Amino acid sequence: MKINPKYKVRNVSDENIVLVQGINPGDMTKVIALNDTSLFLWNKLEGRKFDKQDVVQLLTSNYDVDTPQASRDAELWIAKLNENGVLLA
Amino acid sequence: MTASQYNIGDRHVSVEWPEECRFAPFSAALLPFSSHSAESDYTISYNCRLSELDNPVVLNRFMFSEIGSHCEFSAKGEMLQFTMRDAQSGSLLLCMHHRYGTSSVSSTPCRNVSALRFSFWFAYAMLTACDKLTFVHSSVIVYDKRAVMFLGESGTGKSTHSRLWLSNIEGSRLLNDDSPILSVSSGIPQVYGSPWSGKTACYVPLKFPLSAVVRLSQAPYNQIRLLSVPEALGALHPSLPPALVQHDGYADLMFNIVSDTISAVPFFRLECLPNAEAAQLCYHTIFGK
């Protein structure tokens with residue numbers, strides 16, 4: 001999978017934001033706020049293909065977290081981005 | 001016909017209306033913005049011969065329901081094109097070109113006053129975004145020389161809520177009821193009246209500093225709360241010109257305006273009934289009186 005290159009992280013009043021806007025008038029604009037860990041993952045993975053294992057690897061080698069926990073967190077992170085249409089296959 | 005000069009949003013715009021127009025169209029709305037400045041920041045000409053771009057990338061298509069016209073905003077490299085077509089016959093009403101980042105717009109002539117009014121709005125939006133100006137679909141009240149902007153989808157009751165202020169908050173007045181101009185200069189957001197005000201004839205050539213933005217929604221009660229930064233963004237962003245934000249350059253420019261505005265003023269969500277108490281709650285919250 002890959003982060004859709006049309007989405008960028010922007011900083012607004014110290015919040016890290018990704019805007020996912022609809023195409024048609026009346027479509028909802030989705031606003032995704034990234035916390036520090038999520039931003040770290042985004043910055044590391046932006047622009048390249050990755051899988052869940054890459055996310056787990058990034059988490060375990062940079063945060064004080066064991067592999068089972070990192071695996072659950074990675075799944076959640078990927079699911080959230082997918083839910084908001086941010087990832088490409 | 002010689003060019004007409006307007007001062008809109010503290011920018012001088014020179015417009016050459018189509019030669020067949022003996023008078024400037026929608027003059028009641030434009031008259032308060034007439035100017036005699038010899039210099040212009042932007043020029044729009046409606047007397048150009050243009051051919052439609054060959055295979056442009058379509059950024060946005062939408063219906064301009066006022067006259068049943070299909071609108072299309074497209075790009076080919078730096079060249080942007082805006083067209084309006086009759087929905088029934090498909091015939092071209094107007095074709096407008098603008099090279100991104102420049103100060104002029106050229107258009108084919110057009111007889112339809114609604115199309116002229118709307119395309120002028122579109123042209124102004126394209127021209128001034130680089131200058132940190134944008135239209136915001138909203139109704140704006142001025143109280144104590146400060147502006148309060150009410151947001152919400154069509155039919156949410158923006159105009160109704162503004163009217164509730166006018167009749168219940170002494171000293172309040174309407175600045176614009178549909179399409180005011182938001183500008184940010186040195187980090188300070190200001191709101192200008194404009195010649196585009198929806199169904200309400202309110203064409204005020206004045207500007208006021210923005211003191212708050214309020215996202216309205218209908219509810220069987222009155223309640224107001226402060227919005228977080230992501231919520232504020234979700235409130236303001238959908239109120240920007242929807243076609244322009246489909247263009248990467250404009251999307252960035254608009255995002256900067258929105259971001260500066262969110263950093264500078266509080267955003268609220270008001271869930272409300274269409275009654276006096278709603279206006280008073282909003283007024284007390286913003287002005288602390």
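Small disclaimer: the values here were computed from a predicted structure and weren't measured. Below, chains carry the letters A, B, ... as their sequence lines are ordered, and counting in each starts from 1.
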Trainee: Side chain, backbone, both or neither: which part of B/D252 has an atom under 4.5 Å from a heavy atom of chain A?
Mentor: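 Its backbone and side chain both get close to chain A.
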
Trainee: Specify whether A/F40 and A/Y63 have parallel, tilted or perpendicular ring planes, treating 30° as the upper limit for parallel and 60° as the lower limit for perpendicular.
Mentor: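 Perpendicular, since the angle between the ring planes exceeds 60°.
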
Trainee: Assess the side chains of B/D177 and B/S159: does a donor N or O sit below 3.5 Å from an acceptor N or O?
Mentor: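 Yes.
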
Trainee: Evaluate ring-ring contact (aromatic ring centres under 6.0 Å, His included) for B/F208 paired with B/Y192, printing each intermediate quantity in order.
Mentor: CA-CA 7 Å; B/F208 295 93; B/Y192 293 89; 9.6 Å; no

Trainee: Measure distances from A/I32 to the heavy atoms of chain B and classify the residue's part below 4.5 Å as side chain, backbone, both or neither.
Mentor: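 It is neither, since no heavy atom gets under 4.5 Å.
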
Trainee: Does any heavy atom of chain A fall under 4.5 Å from the side chain of B/V245, the backbone, both, or neither of them?
Mentor: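 For B/V245, the contact with chain A is made by backbone and side chain together.
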
Trainee: Hey, are B/T83 and B/E72 close enough side-chain-wise for a donor-acceptor pair under 3.5 Å?
Mentor: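 Absent: no donor and acceptor within the cut-off.
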
Trainee: Give a yes or no answer on whether the side chain of A/K6 reaches the backbone of A/V20 with a donor-acceptor pair at less than 3.5 Å.
Mentor: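 Between the backbone of A/V20 and the side chain of A/K6 there is no qualifying donor-acceptor contact (under 3.5 Å).
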
Trainee: Using non-hydrogen atoms and a 4.5 Å limit, figure out which bit of A/D14 sits close to chain B: side chain, backbone, both or neither.
Mentor: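 The answer is neither part of A/D14.
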
Trainee: Is A/V31 close to chain B through its backbone or its side chain, or both, or neither, when contacts mean heavy atoms under 4.5 Å?
Mentor: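 Only the side chain of A/V31 comes within 4.5 Å of chain B.
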
